[in-house]
Number of protein chains: 2
Amino acid sequence: MKRAREKFQALLKRNGLKLTKQRIALLDAVYATHRHFSAEDLHRDLQKLGHSVSVATVYRSLNLLVEGGLVQGLDVGKGRVLYEHTLGHEHHDHMVCLDCGKITEFQSPEIEELQDVAARAHRFVTVSHSLKLFGYCSHCAKKHPIAEERPAPNTRSGA
Amino acid sequence: MKRAREKFQALLKRNGLKLTKQRIALLDAVYATHRHFSAEDLHRDLQKLGHSVSVATVYRSLNLLVEGGLVQGLDVGKGRVLYEHTLGHEHHDHMVCLDCGKITEFQSPEIEELQDVAARAHRFVTVSHSLKLFGYCSHCAKKHPIAEERPAPNTRSGA
DNA sequence: TTTCATGCAAAACATTTGCAAGTCT
DNA sequence: AGACTTGCAAATGTTTTGCATGAAA
């Protein structure tokens with residue numbers, strides 16, 4: 001994506017950082033996929049592509065991209081963080097399947113609005129938010145009868 | 001809290017586990033505080049109380065309590081997990097101050113309902129959910145003019 | 001050339017685990 | 001006695017860091 005490159009270069013310039021071949025390869029790889037990937041996934045993908053960027057650089061660049069708003073981290077628990085690029089994607093929240101790990105995205109402007117209401121009520125200035133539902137995707141739920149029988153889960157939370 | 005003890009004993013019995021002095025001390029400590037604490041905090045508190053329960057046991061017991069639903073984990077990112085006891089506390093979500101770390105709890109039945117709607121729409125069986133707002137608490141926002149000036153943040157997300 | 005970036009390996013963290021010794025039932 | 005727990009230390013998995021070398025501006 002061209003706009004990603006431009007934004008990236010602006011980000012680098014703005015912070016007096018340099019455009020290296022590693023950073024280019026990494027940005028391209030990040031914007032080439034439309035899945036949620038871990039730092040390790042990205043590192044592996046880069047190697048496959050012949051750009052062996054070190055793990056350290058993968059982490060450093062990923063952090064840079066997150067700070068610059070070009071990439072977003074999704075903490076799926078147990079210290080696992082998945083990333084996704086942001087440009088070209090509307091804001092959304094996630095459902096995480098506890099069985100197969102599948103990530104389903106969903107949107108709810110109403111929820112966003114209610115979050116703002118809650119924040120205002122507490123004079124809290126929101127910078128970002130994270131809403132995740134953990135459970136079983138439509139496919140895996142079939143394998144978990146207990147899960148399917150479960151009553152309304154809205155009083156339980158892992159928040 | 002007496003009910004916590006009872007529930008705990010039932011949990012142990014149900015799973016063929018034993019009631020040890022470490023577990024008793026830990027449960028009491030967990031239910032004695034009304035703050036959000038880390039495993040390390042708990043370990044330290046127990047030592048102060050004269051019950052030196054090992055770190056390994058703190059983790060093992062905490063996991064047991066979480067599985068048993070007596071305690072809830074709150075993943076605040078960067079691999080940090082804070083815990084809170086559940087009995088005697090209504091369900092709620094959290095606002096995490098990026099400056100002072102203060103945790104503010106809030107409730108929104110409307111959001112819960114909308115989450116269920118979204119889950120149903122995707123035939124997703126929710127087991128738990130996590131909604132966190134990251135930003136600045138009313139106190140710290142004053143020290144962060146940039147944060148205060150920020151426009152409606154509902155299009156950004158760390159989800 | 002000056003500054004920043006990279007790769008490597010070591011370090012840092014938080015949490016988990018194997019195992020022998022100790023406790024609860 | 002028998003099964004489960006504990007503490008210790010080693011292991012784990014992930015991410016960060018110090019430092020010398022190499023690349024960009």
Side-chain angles (χ1 to χ4, degrees), chain A residues 5 8-30 36-47 49-68 71-83 101 158, chain B residues 5 8-27 29 36-47 49-68 71-83 101 158:
Chain A
R5 280 244 190 155
F8 188 39
Q9 296 207 31
L11 171 66
L12 293 175
K13 186 148 292 179
R14 192 183 331 134
N15 293 80
L17 306 177
K18 290 166 181 174
L19 185 62
T20 64
K21 52 193 66 171
Q22 288 88 339
R23 283 175 177 164
I24 294 171
L26 193 141
L27 182 79
D28 286 352
V30 164
H36 295 78
F37 56 88
S38 65
E40 193 189 340
D41 291 336
L42 179 55
H43 181 240
R44 192 169 14 67
D45 289 354
L46 283 167
Q47 298 220 293
L49 292 170
H51 308 283
S52 45
V53 178
S54 73
V55 200
T57 297
V58 168
Y59 279 104
R60 285 189 277 234
S61 303
L62 233 21
N63 286 337
L64 174 62
L65 290 172
V66 169
E67 280 163 32
V71 164
Q72 201 165 81
L74 169 64
D75 193 320
V76 295
K78 283 287 166 197
R80 294 202 176 298
V81 179
L82 299 182
Y83 298 89
Chain B
R5 280 245 188 154
F8 189 39
Q9 297 209 31
L11 170 66
L12 294 175
K13 186 148 292 181
R14 192 183 331 136
N15 293 80
L17 306 178
K18 288 167 181 172
L19 184 63
T20 64
K21 53 193 66 171
Q22 287 88 338
R23 283 174 176 163
I24 294 172
L26 193 142
L27 182 80
H36 296 78
F37 56 90
S38 65
E40 194 190 338
D41 291 335
L42 179 55
H43 181 240
R44 192 170 14 68
D45 289 353
L46 282 167
Q47 299 219 294
L49 293 170
H51 308 283
S52 43
V53 177
S54 74
V55 200
T57 297
V58 168
Y59 279 104
R60 285 189 278 233
S61 304
L62 233 21
N63 287 338
L64 174 62
L65 290 172
V66 168
E67 281 163 33
V71 164
Q72 202 164 79
L74 169 64
D75 194 321
V76 295
K78 284 289 168 193
R80 294 202 175 298
V81 179
L82 298 183
Y83 298 88

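Values reported hereafter were calculated over all heavy atoms of this structure, with side chains retained and with hydrogens, waters and symmetry mates removed. Bear in mind the structure is a predicted one, so any value in this text is a computation, not a measurement. Chain letters run A, B, ... following the sequence lines, proteins first and then strands; every chain starts at 1.
If you check every strand for non-hydrogen atoms under 4.0 Å, A:R60 touches a base. When heavy atoms are screened at a 4.0 angstrom cut-off, B:N15 is found touching no nucleic acid atom at all. Residue A:S61 is classed as having no contact, given no heavy-atom separation below 4.0 Å to the nucleic acid. Contacts of B:V55 with the nucleic acid, taken as non-hydrogen atoms under 4.0 Å apart, are absent.
Around CD of B:Q47, the count of heavy atoms belonging to other residues, nucleotides or ligands within 6.0 Å exceeds 12. Atom CZ of A:R80 has 12 or fewer heavy atoms from other residues, nucleotides or ligands within 6.0 Å.
Mapped onto DNA chain C by nearest heavy atom, B:L17 and B:R80 fall at different nucleotides, with B:R80 at the one closer to the 5' end.
Note on A:S38: every side-chain N or O is 4.0 Å or more away from OP1 and OP2 of D:dT14. OP1 or OP2 of D:dT16 has not a single side-chain nitrogen or oxygen of A:Y59 nearer than 4.0 Å. Close to D:dG7, at under 4.0 Å from its OP1 or OP2, lies a side-chain N or O of B:T57. Taking only side-chain nitrogens and oxygens, B:R23 never comes nearer than 4.0 Å to OP1 or OP2 of D:dC4. For A:T20 and C:dT6, the shortest distance from a side-chain N or O to OP1 or OP2 is below 4.0 Å.
When each of C:dT25, C:dC4, D:dT16 is scored by its nearest atom to the side-chain atoms of B:K78, the top-ranked nucleotide is D:dT16. Nearest to the side chain of A:A56, among C:dG7, C:dT15, D:dA3, sits C:dG7.
Proximity of A:L64 to A:L12: side-chain heavy atoms (C-beta onward) are separated by under 4.5 Å at one or more points.
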